[in-house]
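Take a look at the structure set out below.
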Amino acid sequence: MSKYLILLHNTGFLEIVPKESADTAIIISTAIHGNETAPIEICDEVISEVLTQKLELKYPTLFILGNPRAMNIAKRFVDYNLNRLFVGTHKRIEPCYETKRASEIESVVEDFYQRHDLSKKWHYDLHTAIKPSQIEKFAISPYSPTNIESNEQLNMMESLGAEAILFSKSESTTFSYHTKSLYGAHSFTVELGKVHPIWNENPSE
Ligand SMILES: [Zn+2]
């Protein structure tokens with residue numbers, strides 16, 4: 001018998017819920033920019049290992065593929081940068097694929113955090129940098145009035161390989177700001193390094 005309840009909500013939304021109770025609800029999002037493929041591969045591996053029971057998932061987790069259409073055409077976005085459309089910003093610009101997608105993501109997130117209204121909420125929005133950067137892997141902590149992060153989260157970022165954490169000083173319209181400002185989640189935009197084509201065996205190219 002499976003240890004998990006598995007729900008596929010819609011294109012790009014997979015929720016895996018352990019049958020045992022938990023105190024943390026996690027969202028892991030990838031491909032908010034469609035050509036940032038390394039995080040998609042990481043999530044694919046994690047999900048496979050959970051489903052084949054090589055890895056145990058302890059907390060209800062929602063995996064999101066942000067922009068499937070842009071993924072299919074290997075572009076950052078189709079019509080509009082999706083990561084500028086959260087916190088309801090999608091309602092204020094001309095409708096396009098990404099405004100529709102931002103609205104879908106916001107409602108699945110709302111539903112997930114309502115059903116799993118647990119004491120801790122985490123959201124890691126995984127990206128890869130477009131340009132080479134001096135610090136290859138880093139995390140951005142979206143603005144909050146206190147801008148304090150727990151040691152638990154700072155350690156988590158370190159274990160993800162982040163060499164630095166930037167604390168944003170202003171409100172924004174990114175996905176990680178959305179979950180932090182509306183749900184009090186411990187949210188980060190995590191930059192995992194340079195973009196490589198999907199399934200590239202030789203990432204130094
Ligand atoms: Zn990105």
Side-chain angles (χ1 to χ4, degrees), residues 2-4 6-18 24-78 81-83 86 97-98 101-102 104-105 108-109 112 122-140 153 155-165 174-176 179 185-205:
S2 172
K3 300 167 75 160
Y4 306 107
I6 297 170
L7 303 160
L8 185 63
H9 293 286
N10 193 344
T11 308
F13 299 101
L14 180 73
E15 179 179 337
I16 306 182
V17 183
T24 307
I26 302 177
I27 295 177
I28 304 207
S29 51
T30 62
I32 289 294
H33 297 130
N35 60 350
E36 297 178 3
T37 53
I40 306 170
E41 295 172 54
I42 293 168
C43 272
D44 184 59
E45 261 178 54
V46 169
I47 292 167
S48 301
E49 293 198 357
V50 169
L51 298 181
T52 54
Q53 304 204 358
K54 283 185 198 146
L55 202 68
E56 191 183 346
L57 195 68
K58 297 214 165 181
Y59 306 122
T61 303
L62 176 66
F63 295 94
I64 299 178
L65 290 174
N67 197 331
R69 267 199 210 171
M71 281 168 64
N72 287 339
I73 56 170
K75 290 270 183 342
R76 191 169 164 79
F77 52 82
V78 179
N81 184 348
L82 180 57
N83 213 20
F86 289 93
Y97 173 66
E98 275 84 8
R101 193 64 187 159
E104 280 170 8
I105 294 172
V108 175
V109 165
F112 177 76
W122 301 355
H123 172 210
Y124 301 152
D125 184 32
L126 307 182
H127 290 250
T128 49
I130 304 164
K131 297 175 193 154
S133 159
Q134 252 188 345
I135 298 173
E136 204 189 357
K137 297 180 182 177
F138 59 94
I140 300 165
Q153 290 301 311
N155 290 338
M156 188 66 82
M157 287 303 109
E158 197 179 358
S159 63
L160 274 174
E163 298 157 65
I165 298 178
T174 62
F175 190 16
S176 61
T179 50
H186 295 278
S187 305
F188 292 90
T189 302
V190 187
E191 296 282 354
L192 292 171
K194 210 167 158 281
V195 177
H196 302 293
I198 200 159
W199 311 127
N200 187 346
E201 296 290 325
N202 185 2
S204 62
E205 282 172 0

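In this chain, residues are counted from 1 in sequence order. Quantities reported herein were computed from a predicted structural model and do not represent experimental measurements.
- Between Glu49 atom CD and Leu57 atom CG the span is 12.0 Å, to the nearest 0.5 Å.
- Annotation: the span from Trp122 atom CH2 to Ser187 atom OG amounts to 12.0 Å, rounded to 0.5 Å.
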**Request:** Give the intermediate values and the outcome of side-chain contact (heavy atoms from CB on, under 4.5 Å) for residues His186 and Met156.
**Result:** CA-CA 11 Å; His186 295 278; Met156 188 66 82; over 6 Å; no
**Prompt:** Passes side-chain contact (heavy atoms from CB on, under 4.5 Å), Ile28 versus Ile64? Steps please.
**Reply:** CA-CA 6 Å; Ile28 304 207; Ile64 299 178; over 6 Å; no
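- Residues Leu51 and Ile6 meet the side-chain proximity criterion, which asks for heavy atoms closer than 4.5 Å.
- Across all their heavy atoms, Pro18 and Pro60 have their closest contact at CD-N, 3.6 Å.
- Nearest heavy atom pair, residue Gly66 against residue Leu82, reads O-CD2, 3.7 Å.
- Between Asn67 and Ile32, the shortest heavy-atom contact is CB-O, 3.7 Å.
- One finds the CD1 atom of Ile42 at 9.5 Å from the OG1 atom of Thr30 (value rounded to the nearest 0.5 Å).
- In this structure the side chain of Asp125 never reaches within 4.5 angstrom of the side chain of Thr174, judged on heavy atoms.
- Looking at Arg76 and Asn81, their side chains come closer than 4.5 Å, going by heavy atoms from C-beta outward.
- Taken to the nearest 0.5 Å, the NE2 atom of His33 stands 14.5 Å off from the NZ atom of Lys75.
- Tyr4 places none of its side-chain heavy atoms less than 4.5 Å from the side chain of Glu15.
- The only member of Phe112, Phe63, Phe86, Phe175 that meets ring pair (Phe, Tyr, Trp, His ring centres under 6.0 Å) when paired with His123 is Phe175.
- Residues Thr37 and Thr128 share a closest heavy-atom pair of N-OG1, 4.4 Å.
- Between atom CD1 of residue Ile105 and atom CG of residue Leu62 there is a gap of 10.0 Å, rounded to the nearest 0.5 Å.
- Distance check: Phe13 CZ to Leu65 CG gives 9.0 Å after rounding to the nearest 0.5 Å.
- Salt-bridge formation is detected for the pair Arg101/Glu104: a Lys NZ or Arg NE/NH1/NH2 atom is positioned less than 4.0 Å from an Asp or Glu carboxylate oxygen.
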**Message:** I'd like to know whether Phe77 forms a side-chain contact (heavy atoms from CB on, under 4.5 Å) with Asn83, so could you lay out the CA-CA distance, the side-chain angles of the two residues, the decisive distance to 0.1 Å, and finally the verdict.
**Reply:** CA-CA 10 Å; Phe77 52 82; Asn83 213 20; over 6 Å; no
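- Side-chain contact between Glu136 and Glu191 is absent, with no heavy-atom pair separated by less than 4.5 Å.
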